[in-house]
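Heads up: the structure comes next, in structure tokens.
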There are 2 protein chains.
Amino acid sequence: MKKAKKKLFREFIAEKGLKSTRQRDIILDAFLSSDRHLSIEELYLKLRSKHPSIGYATVYRTLKLFAESGIAREIHFGDGQTRYEHTGEGEHHDHLVCKRCGSIIEFENEAIEKIQDEIASSYGFLIQHHKLELYGLCAKCRA
Amino acid sequence: MKKAKKKLFREFIAEKGLKSTRQRDIILDAFLSSDRHLSIEELYLKLRSKHPSIGYATVYRTLKLFAESGIAREIHFGDGQTRYEHTGEGEHHDHLVCKRCGSIIEFENEAIEKIQDEIASSYGFLIQHHKLELYGLCAKCRA
DNA sequence: CCTGATCTGAAATTGATTTTCAATCATAGC
DNA sequence: GCTATGATTGAAAATCAATTTCAGATCAGG
Ligand SMILES: [Mn+2]
Ligand SMILES: [Mn+2]
Ligand SMILES: [Zn+2]
Ligand SMILES: [Zn+2]
């Protein structure tokens, strides 16, 4: 899947008339080989050890491109930091967020999605995307 | 219910050993007589016409107190502005957010809440609060 | 190679929010 | 009521994430 995403991003770059650069390659590698839900700061720090010349602004700009291209999704867990996570073709999931240790559990639930659609259509509302996050304490932290 | 919330806030103030001030009263009145989902900026501007001497920082501080006391809830719709809405005793609802005109529809759905609990308990996770927002186009805007 | 458009890093800027601080105010006890 | 003490306030400065600016570097294509 790393291969597939690289290809997707290369295609996106080409379509948009953008350029393939050393920095974008490096940041893409770092992103794809990182944990999910990484904050920009975390990714930047991770990069910096091997590639100290890459600028902060470039990381911001490049992550935005990843999101535009569809290989990443921007997420906000309410801690004031923007995070990005990998996204697959058509894939969607929601999150359980531990407020003590910060761990994230991902889940998918077809029944909830279905009810959401029913609610929206009862108001004549067209859903484009949604956000469902359950905050609390993970099994370890509540013990 | 305005009465009840004023009383609740007065009690909160007393319990915490805080003081009842002219500014807090004014901001509370403005908040209680405002639309739901007001941004801090909006509330500040609304206040300023009648009470030009009230400072920005005081509005920020006071809204935080409202949230602490339980009469308000802080919400983030992803536009970079913090909003506050009125909350009733034990009451909870979620939101449909129109991305074109900004209108908000509130809804409650017992079935979704129940499934959320099931998901959480299947992971041994303890939910403290959650956030469910459906973004898209309202009936008017999609027409 | 050349050329022109895109990119980049560093620094400056923005915008929301928070903090600082000296002056003011509220209130509990006399 | 009056005072002492601690909380509160407004204005300005500071913070923090994110974005923009800009001059130099780099890419792609001819
Ligand atoms: Mn995720
Ligand atoms: Mn609401
Ligand atoms: Zn945890
Ligand atoms: Zn609308």
Side-chain angles (χ1 to χ4, degrees), chain A residues 9-31 37-69 72-84, chain B residues 6 9-31 37-69 72-84 102:
Chain A
F9 186 62
R10 228 179 296 118
E11 288 167 1
F12 170 81
I13 286 289
E15 269 170 36
K16 287 265 182 177
L18 305 178
K19 289 179 176 169
S20 165
T21 68
R22 200 176 56 84
Q23 288 87 339
R24 286 175 179 166
D25 287 346
I26 291 169
I27 296 170
L28 181 54
D29 272 328
F31 176 66
H37 319 115
L38 214 58
S39 74
I40 300 172
E41 170 91 24
E42 285 164 347
L43 183 59
Y44 172 70
L45 290 177
K46 179 179 169 180
L47 274 165
R48 207 165 57 162
S49 49
K50 270 185 130 58
H51 304 282
S53 72
I54 289 187
Y56 218 96
T58 301
V59 178
Y60 269 88
R61 291 188 278 230
T62 305
L63 285 171
K64 271 198 186 309
L65 282 182
F66 292 170
E68 255 191 88
S69 77
R73 179 161 68 128
E74 197 177 314
I75 45 185
H76 298 271
F77 287 146
D79 61 353
Q81 299 257 120
T82 298
R83 291 162 193 283
Y84 284 87
Chain B
K6 285 194 183 188
F9 187 62
R10 227 179 298 118
E11 287 167 4
F12 171 81
I13 285 291
E15 269 170 34
K16 288 265 182 177
L18 304 179
K19 287 178 176 167
S20 165
T21 68
R22 198 178 56 86
Q23 288 88 337
R24 286 176 179 165
D25 287 345
I26 291 169
I27 296 171
L28 181 54
D29 271 328
F31 176 67
H37 319 117
L38 214 58
S39 74
I40 299 171
E41 171 92 23
E42 286 165 346
L43 184 58
Y44 172 70
L45 291 177
K46 178 179 171 180
L47 273 166
R48 207 168 55 164
S49 49
K50 269 186 132 56
H51 304 281
S53 71
I54 289 188
Y56 218 96
T58 301
V59 177
Y60 268 88
R61 290 186 280 230
T62 305
L63 285 171
K64 270 197 186 310
L65 281 182
F66 292 170
E68 255 191 88
S69 77
R73 179 162 66 129
E74 197 177 314
I75 46 185
H76 298 271
F77 287 147
D79 61 353
Q81 299 257 120
T82 297
R83 292 161 192 284
Y84 285 87

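Convention: sequence-line order gives letters A, B, ...; per-chain numbering from 1.
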Calculate the interatomic distance between [X] atom [atom1] and [N] atom [atom2]; express it in whole Å.
| X | N | atom1 | atom2 | answer |
| --- | --- | --- | --- | --- |
| B/Lys64 | C/dT18 | NZ | C1' | 9 Å |
| A/Leu63 | C/dC7 | CG | P | 16 Å |
| A/Ile26 | C/dT8 | CD1 | P | 10 Å |
| B/Gln23 | D/dA11 | CD | C1' | 14 Å |
| A/Leu65 | C/dT8 | CG | C1' | 13 Å |
| A/Tyr56 | D/dA18 | OH | P | 8 Å |
| A/Tyr44 | C/dA10 | OH | P | 7 Å |

How do B/His76 and B/Leu18 order along DNA chain C: which one's closest nucleotide is nearer the 5' end?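 Result: B/His76.
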Residue mapping more 5' on DNA chain C - nearest nucleotide basis, B/Lys19 or B/Glu41: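 Per heavy-atom nearest nucleotide, the more 5' residue is B/Glu41.
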Selected nucleotide, minimal atom distance to [X] side chain, candidates [options]:
| X | options | result |
| --- | --- | --- |
| A/Ala57 | C/dT18, C/dT8, C/dA11 | C/dA11 |
| A/Arg22 | C/dT8, D/dC27, D/dT9 | D/dC27 |
| B/Gln81 | D/dA18, D/dG10, C/dA16 | C/dA16 |
| A/Ile54 | C/dG9, D/dA17, D/dA28 | C/dG9 |

Is the distance between the ring centroids of A/Tyr84 and A/Phe31 under 6.0 Å?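 No.
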Could you tell me whether the phosphate oxygens of D/dA17, OP1 or OP2, come under 4.0 Å of any side-chain nitrogen or oxygen in A/Thr82?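 Result: no.
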May I ask you to verify if any side-chain N or O of A/Tyr60 is less than 4.0 angstrom from the OP1 or OP2 atom of D/dA18?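 Yes, because at least one side-chain N or O of A/Tyr60 sits under 4.0 Å from OP1 or OP2 of D/dA18.
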Quick one: the side chain of A/Arg61 and the base of D/dT21, do they pair up donor-acceptor inside 3.5 Å?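 For A/Arg61, whose side chain was compared with the base of D/dT21, there is a donor-acceptor pair (under 3.5 Å).
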Five pairs at each end of the helix from C/dC1-D/dG30 to C/dC30-D/dG1: take the axis at both ends and give me the angle between them to 10°.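 Comparing the axis at each end, I get an angle of 30°.
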